[in-house]
Each structure stands twice: as C-alpha cells, then as structure tokens.
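Working notes, structure below.
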Amino acid sequence: MPPRTESQDRRAPPPHDLDEQKPGGTQAHFESPSKRLPAEVIARFCAAVGEENVIREPEDLRVYEADGLATYRVTPGVVLLPATSEEVSQVVKIARAAGLPIVARGAGTGLSGGAMPVAGCALIGLSRMKKFLEVDLRNAFVRVQPGVTNLDVSKHIAADGWYYAPDPSSQSVCTIGGNVAENSGGAHCLKYGFTVNHVLGVRMVLSDGEIVTIGGPTLDEPGYDLLGVVVGSEGLLGVVTEVVLRILRKPEATRTFFATFPSNEEAGNAVSAIIASGIVPAAIEMMDTLAIVAAKAATGVDWPEVGSALLMDVDGPLAECEHTSQRAIELARQCGAMEIRVPRDTAERELMWKGRKSAFAAVGRISRNYLVQDGVIPRKEIARVLKEISDLGTKYGLRVANVFHAGDGNLHPLVLFDARVPGEEKKAEEMSGDILRICIRYGGSITGEHGVGSDKSAYLGEMFSEPDLEAMAQVRCAFDPDNVLNPGKVFPTPRLCGDKPGIYKPHAAELSGQAERV
Amino acid sequence: MIELRPQTIEEARAQLSQLGREKKTCAFLGSGTKLMLGALPRTDAQLRTAGLARIVEYEPADQVVSFEAGIALAALQNALAKERQRLSLDPPFAAKATLGGIIAAASSGPRRMRYGAVRDLILGVSIVRSGGELARSGGKVVKNVAGFDLPKLVCGSLGTLGLIAAATIRVHPLPEAEASLIVRSLSSEQVPQLLDKIRAAQIEPAAMVASRTGPDRWDVAVLFEGFEAGVKQQEAKLRAVAPADRCDPWADHAALRERGELRLKISALPTALPQVESELFSRLPGARAAWYPTLGLGFVSMDAAPIAAELEFARRSFRVVVEAAPAGSTLDRWGPPPQSLRLQKAVKARLDPEGLLAPGSFVGGI
Ligand SMILES: Cc1cc2nc3c(=O)[nH]c(=O)nc-3n(C[C@H](O)[C@H](O)[C@H](O)COP(=O)(O)OP(=O)(O)OC[C@H]3O[C@@H](n4cnc5c(N)ncnc54)[C@H](O)[C@@H]3O)c2cc1C
C-alpha cells in the first residue's frame, strides 16, 4: 500500500498533450525506494523475457512510478516487458516464487492510480505485446494482444469499412488491455456501449501463472459470465494477454451539430428532451463556459463563449440520420438553443471533435493545476447537480470546468487550483471528494469510466455497504486467493481470503411464521 | 420439501438465513419456464419469487427501471409501454417468464443482434446470498465502473450464486415504426453471404432469424426498427440486395423456441452455418431449426428421440447445450466444460461456501 494522506489525490496528468503525460506533477508523494532485488531473481526474469526486457536500474524504473494520476509515485522493484502469454505466465511464476506483488500496466494513462506500482512489485508492462493475431471481418471480430492501442484497432480495419466502437479520449495511446481492465468508455458509448459490450473473450494469466481462456469469438460459453466481471476488474483478477473484440461495420452516415445555450440548465433540458423523443444519439457531449474557453485556447475552434454547449452525433442509415438530426436540432431550439452549427465538411467536424476530445488537456491553458473528477448521476438531474457543484466552487473559492458525456450522465468536473498557493491543493481535493458525495446522494456512481484504482477506494465504501463489498471481494479471492495482483487497489480495507462469510442474523420478528412448510 | 413464498426481500433474507443455519439446500423458481435448463435439483427447499413482483423505481426520463425479480416480463413491458418505452429483450416465454428467471438463465431472443443480451442491459442487482446476506452491485445509472460487475456475473448463473432479489435494467424508447421482410430459400452458404451484402450496403437490421424450411434451405427474416423514414429506406435497400417480401414470422419463431420436448442451443461462428447444417441439422430428421446469422446461435426443437450419438458428433466441432429434454433424459446438458472450470468452481465456492444453492445443477457439476 502506498502511504495515504487523509485526503484522496486526483491530480490530473500534466496538461497540454497526451504525449506529455509522463510523471511530472508538482509535490509528488514518494514511496521510499525499495531494496534491490536479489541477483538470482533478476537472472530468472532475464532468462524468461530476455535481458533487454528486464528494467531494473533506478533511473529507468522511475519512468514507471506513476500512471495518469501523476501525483502519487511508487517505485517498482523491477519492470518486465514480456512478448507472449507464455512469457507473462513465467514472469508471474517467478514473481510469485520471489514473493513479489504483481501490477500490470498498459500505457499508463489511467486516471485512478490503477497502474501505479505497489512498492517493490514486479510491474508487467504489456507495451511490447502489440500484435494483431486474427482479423475475421465476416465473423466481425479481431483477436489482439493487449498492448495494441485502442485507435490502432480501428485503423487496422478502417480500409475495409469497419471500426471498434469504444472511443476513450485517450484512444491514440491507451491500450486494449487497459481498456479491458477499466471497462473504458468514450463519447460514442451512449449508443454503442462500453468496452464490456465489445469484448467477446480474453486469454489471461492468473495469479499462479495458469493461462486461462474465457469466452471467445463464439457466444454463450456455458458457465458463469466470468468475462463480465473480468472486464472492469482493474488488474485484480489476472493479467490479460489476448483479447477478442467485436468490431462493427461503419454506419452509412453521421450527422454532427454543435448547439449553444445560455446556461447548463437549458443544455441539460435539451439532452433530456432529445433522448426522451426516442432518439439514441451516437454521442452527446456537454461543455460549460470554462471548458469552451479552454478548448478554444488549445485547439483554435471558434466557439462563442456561451454558458453551455452541446456537441452531438447521430449516426446510422442515411434517412434515419437525416430525420433524427433534424428532430434533435428542433428540440434543442425548443429548449433554448441560441445557435446551431452544422459542420460543412469532414475537416470541420473533426475539428469540433478535437475541441471536445482535447478538453481535459486544454484546461491546462487556463489553470496551472487541476483535478479530473469522474462521477455519474441520473441524466435528468444534470442541471441540478451542476448547480450544486458550482455552489461548491463558490464555497471553496475554486473554479470548476465541466466537459462530459451528458447522454449517460457521466460528469467530469475539473477542479482548477494553483498548487503554489498554500492550502489550495488540499481544498481542491476536498471539493473533488464532495462532488463524489453529491453523485452518491443523487443515486449515481463515484466513477463512470476512470475506475476506482488507488484513488477512490475510500469512496467505494461510501457507495457500497460492507456486505456488498464482501461479495465483490469473494470474487477476487476466487481468482487471486493470495492477493498478489494489484494489492491494495479498489477495496477500501485490506481483506484476507481466509475468512468465510458469516450468516446473516435476522431480527427475531422477521422470522416469526414465515417459512411455510408443506 | 419446504416451500417458501416470500412477499418481501427482507422475508426472503430471513428464510435463507434460517436455511443457512440449518444447512438446508434451496433452489429458486420464477414462473418455472426454464426448469429444464438447469434440471432443477432435488433440494430441501424451493423458494418461489412470485411474491417479489414490484416495480421499485421507474424513471422514464433516465430510461432505467428497478424491479423485484419475480415480476413477469409481460407485466414490466405493460408498465413501460405506458411511457412508450420497452425492455428490448425478446426471450422465449415472454408472456410468462419472470425477469429473475430471464436474468438467471441469460435468455435472449432475436433482438439481441442490436440491443445485446441481458448482460448488456442489466445495470444493477441485489442478491440474497446463502445465509441471507444482501449484496448489491452495480447501480441505477447507465454508466458505472465502481466495484466488480456482479450484475453480469449472475446473468446465466441459474440460481447457484444467490437469489436475484431485485435488479435495475436499461430500457429503450418504443420504435416509431417497424417492418419485417423475408428472403426465401437460401442455402446454408448463402445465409452468411446475405449478411455480407447487408453489411456492405450498410443496412442495419434490429434482428435477423433464418428458419430452416427443408434440407439446406433457409428463409431469412429481417426486422427493421426505428423512425419511419429510416425503416422505409432500409426496406428499399434490402430489396435491392435480395428479393424480399413483407412477412410476420415472429410468432412461429417463438413457438420453435418454446415448444418441442427436446430443445438444443448451438453456438458457432456465424460463417459456420454450412458445417452446423451438415453435422447436426441434417442428422436430426423431423427437427425444426433456426439460426441467428450475426450471433452464430442456432436453436433446434424436436420430439423426444435418442440423439446422444448425434450430439457427441456435433460437439466435436461446435458447442451444443440441451435446453430442454424429457423427464429422465440422460443427455449431457452442457457438453465439455469451459477451460475456466476451475475458476468457475472457485467462484461458486466463494459465494456459496456451503454449497446450499441449487447444488449439482450447473456446468461441470457446480
Ligand atoms: C487525457 C485523457 C483522457 C481520457 N479519456 C478517457 C475516456 O474518454 N474514457 C475512459 O474510459 N477513460 C479515459 N481516460 C483514462 C484511461 O485512458 C483509460 O482508463 C485507459 O483504458 C487506460 O489504458 P492504459 O493502457 O493507459 O492502462 P493503464 O493506465 O496502464 O492501466 C489501467 C489499469 O489497467 C490495468 N491493466 C493494464 N493492462 C492490463 C492487462 N493487460 N491485464 C490486466 N490489467 C491491465 C492496470 O493494472 C491498471 O489497473 C483518459 C485518460 C487521459 C489521460
């Protein structure tokens, strides 16, 4: 376990560009460097994956100290870069024999500290595993190694008119393995579903080194839906070494529009009205004034600095698209849209989307530091919750930018602060935590796509009761009884797998005369 | 046999707690439409969910509904229809089946092609574990990655992990228009070819079902749903790809999924239809068969017959599950266990450590 300060830390990666997400935040909290591994352990790792794929020099290890949540840093004991499932299996066995905890890592863009090392661990980097193993368009799937990036899947099949639907904003760098572990979403998941709806099967290495296949290109393997729980399990159940993904034929048409509103209230109402009308937008994204200002500064979109804006896509068969985009525009107007912009060509459409997808990083243009929050609320409460968040900002004296997946109520409030001002970082952390509590109070969730990781485990205990967590922990124990995979992440309190669940003891009154014996 | 009919979830908890203390085994029953699937084991107790049938929360604007698991799909659909919405699941026994049963059996129908299976629509679940503890997972918002996704894990678990007491699921607006067309008399090679053409033309059906009309002959029904303008255009595009007539094959298809003493489910690659035809369908005289061309799922319905040899032969190439068989049948229901059987058993042992819930009825003797 990394040392935890009282407040949780959700510092975003240094802004500007995805490529610049290497650790580099201010005032990082360091875990004390661990002891060097015994030479014979290193030798075994070298024998398994080749000397050049065993990273062990302190200065080289530093590259792997953090993920996208760059504030916390922990030095791994060693980093292994295997190339095949078999190598991963060997590495896991060696690490186990040496008593090392194991952490898997994709591109390290995660925003919840999921890939942050555990002190002295064997960190398994999947970045060398970038092969396409099978492409079968007629059966609509691809089989890839986990280090393939999200965008590369779509690029690989684009010429044939196919694509992979989930599209996290980090898609040009984040890996399919990371997507599987986080059940990543993206703007277009409103219509098409999240990673879990597109993963047909995985091959993974369990905590004892066994290689197991779950699911595959054919549906409905008998038995429990283990795939459903592996996707989104944040590296706690196994190291994924192959993934079978469902791919889709590109739709005939896409229609995009950008609509401006006086405030979040009108924009929020427009989202509800459009969805209530029976339209399922491919994407419907919302940005408030600060996010618009930031996107303008970063990408050169010429958006007016209004109270709120929506960027929406509908896609599908041409006639359906024409109809739904017209109808959505009418509804937006009825809800108070001031201006509707329809891109003239693909280039203009792409610029609009670039404005949206680079918005997190863009906020770096208007604030020295910021925390990225990720919470979910019922869609119809958007306007009300945004108001509460803005009131919180007033209370704490901090600015908040909002840019988020409005269609599924997945908020991304960015809490802006200046780490040079004493106490401001702490205030930002507190406020960010309060935002999660608002989400819980409205019946929502503490994370829609960034995961719990090491960052939000305390809040998981606010969202779920002890028995809820206990059931989840039992699933982890089934996969990893010795708690060696990504230990200390997700669950609020450390749990041992030995304890058997107790029997629930009902109140005496509950028992009276209820079991009817026949 | 103890028969339990809880009227509230609290009552179900108390009952399961008592059974747990007495180390008594228990099986759960909705309306009983899928009994054959798990071959309901002999247990000390049976708990019927019929008394747990309330809609707990329905928020049309959020397009989610929470309910107790004993509610019938038909009853839920009626309530949703008042708001011009529906649950986009069309499993067999839609009139009688309870949501708990549908979730527990992971049962799905043709619309799975567009809307996904139960696992893709379910958002949250409350289970009562053996011993009576209540565990929630997931939530009531459409997007949520907090904690492990137990709602998906219980889909298809056939009551072996806990009583599915309540759940939350995503619903959709009722489509404004729909049209069904049929492309007749294709061979098992031509069925996947038709799908290739449909994709090439960027036609997006909501469902497709191929029905076997004779040896290597298939009629392919195509369903469009959506707004009037879109449905019309798609219908025209389909007709340009293949000769197609309007039709209404859905009641017939439902009958195939629901009737017949012996019912099989096949799972293979979508392009493997010719192989499934020659290695299974053509060897079962008198059987009716259907095939979901994009999903690679097939269904057989027939009178009781000794088919153990045919089953074994087919299972060398693809997966076949016996969904229904006459009482006393000795057919192997599940076929070869999945490679993850050890993990499957570990999950069961962790969530139901005393092995009290529907023991022995599941895959690999779980
Ligand atoms: C600018 C920016 C924008 C983002 N936008 C989005 C967005 O729109 N939607 C969204 O969902 N996320 C978004 N993210 C978050 C992040 O990109 C995703 O969570 C992504 O899936 C992480 O992939 P990765 O390869 O970087 O994984 P990592 O960060 O390396 O790892 C993430 C987790 O996955 C585990 N893991 C990685 N590989 C494996 C494996 N092979 N087997 C088992 N476990 C593994 C790790 O242990 C860790 O717990 C964004 C991040 C940034 C920086």
Side-chain angles (χ1 to χ4, degrees), chain A residues 138-139 183 185 197 212-214 217-226 228-229 232-233 249 252 272 276 278 316-317 319-320 323 376 378-380 408-410 443-449 451-452 460 463-464 467-468 471-472 474-475 477-478 500 503-504 506 510-511 514-518, chain B residues 2-4 10-11 13-15 17-18 20-21 61-62 116 119-120 131-136 139-149 152-153 155-157 173 199 202 204 226-227 229-230 233-234 267-271 295-297 321 334 338-340 343-344 346-347 350-351 353 363:
Chain A
R138 289 196 78 205
N139 289 310
N183 187 14
N197 307 110
V212 60
T213 303
I214 300 173
T218 59
L219 298 178
D220 295 358
E221 181 174 64
Y224 298 124
D225 191 340
L226 299 182
V229 69
S233 60
R249 174 77 173 105
E252 184 180 22
S272 293
E320 179 105 7
H323 173 81
V376 190
R379 180 169 48 221
K380 66 170 191 312
D408 33 38
N410 186 185
S445 171
I446 59 167
T447 171
E449 55 183 19
V452 177
L460 197 68
M463 182 168 161
F464 290 108
D468 302 340
M472 296 177 196
Q474 288 300 333
V475 173
C477 290
K500 278 200 175 172
I503 287 191
Y504 156 74
E510 287 175 350
L511 275 173
Q514 282 167 350
E516 191 187 306
R517 290 185 191 248
V518 195
Chain B
I2 307 167
E3 189 149 322
L4 304 167
E10 277 313 304
E11 201 178 325
R13 293 183 61 188
Q15 292 167 345
S17 161
Q18 182 166 353
R21 268 175 288 135
D62 292 323
R119 76 183 299 269
D120 299 299
E133 199 65 82
L134 185 77
R136 277 180 321 130
K140 56 172 196 173
V141 283
V142 294
K143 194 171 184 185
N144 177 10
V145 297
F148 287 172
D149 202 340
K152 292 192 174 56
L153 187 67
C155 289
S157 65
R199 283 179 173 149
Q202 292 167 306
E204 296 182 21
F227 290 94
Q233 183 214 2
Q234 301 224 69
S267 150
L269 285 178
T271 52
L295 300 169
L297 297 176
V321 168
W334 301 107
Q339 204 230 318
S340 59
L343 275 181
Q344 308 263 350
V347 167
R350 288 288 173 181
L351 287 174
V363 176

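By convention in this document, chain letters (A, B, ...) are assigned in the order of the sequence lines, proteins followed by strands, and residues within each chain are numbered from 1.
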Identify the two heavy atoms, one from [X] and one from [Y], that lie closest to each other, and give their separation to 0.1 Å.
{"X": "A:H323", "Y": "B:A229", "answer": "CB-CB, 4.4 Å"}
{"X": "B:A135", "Y": "A:A471", "answer": "CB-CB, 3.7 Å"}
{"X": "B:A61", "Y": "A:R379", "answer": "O-NH2, 3.2 Å"}
{"X": "A:P378", "Y": "B:V141", "answer": "N-CG1, 3.6 Å"}
{"X": "A:S445", "Y": "B:K143", "answer": "CB-O, 4.5 Å"}

Enter the distance from [X]:[atom1] to [Y]:[atom2] here, rounded to the nearest 0.5 Å.
{"X": "B:N144", "Y": "A:N183", "atom1": "CG", "atom2": "CG", "answer": "9.5 Å"}
{"X": "B:L134", "Y": "A:D468", "atom1": "CG", "atom2": "CG", "answer": "7.0 Å"}
{"X": "B:Q339", "Y": "A:I214", "atom1": "CD", "atom2": "CD1", "answer": "8.5 Å"}

Are any non-hydrogen side-chain atoms of [X] and [Y] less than 4.5 angstrom apart?
{"X": "B:V321", "Y": "A:D220", "answer": "no"}
{"X": "B:L351", "Y": "A:V475", "answer": "yes"}
{"X": "B:Q233", "Y": "A:E320", "answer": "no"}

Winner by heavy-atom pair count (cut-off under 4.5 Å) against chain A, out of [options]:
{"options": "B:V363, B:L295, B:T271, B:L153", "value": "B:T271"}
{"options": "B:D120, B:L343, B:L297", "value": "B:L343"}
{"options": "B:G156, B:A268, B:C155", "value": "B:A268"}
{"options": "B:S267, B:G139, B:A146", "value": "B:A146"}

Give a yes or no on whether the backbone of [Y] and the side-chain of [X] come within a donor-acceptor separation of less than 3.5 Å.
{"X": "A:T447", "Y": "B:V145", "answer": "no"}
{"X": "A:R138", "Y": "B:P270", "answer": "no"}
{"X": "A:R249", "Y": "B:Q202", "answer": "no"}

Legend entry - chain A contact via B:L269 - which portion, at a heavy-atom distance below 4.5 Å: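 Both parts, heavy atoms under 4.5 Å.
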
Inset, instruction - Measure B:Q344 against the heavy atoms of chain A and call it side chain, backbone, both or neither at under 4.5 Å. - result: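 Looking at B:Q344, backbone and side chain both touch chain A.
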
Inset, instruction - Return the set of residues passing side chain to side chain contact (heavy atoms under 4.5 Å, CB included) with B:D149 (not counting sequence neighbours), or none when no residue passes. - result: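 Listed in chain order: B:P151, B:K152.
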
Inset, instruction - Can you sort out the partners of A:A478 under side chain to side chain contact (heavy atoms under 4.5 Å, CB included), two or more places apart, ordered by chain and number? - result: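 By the side chain to side chain contact (heavy atoms under 4.5 Å, CB included) rule, A:A478 matches B:A346, B:V347, B:R350.
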
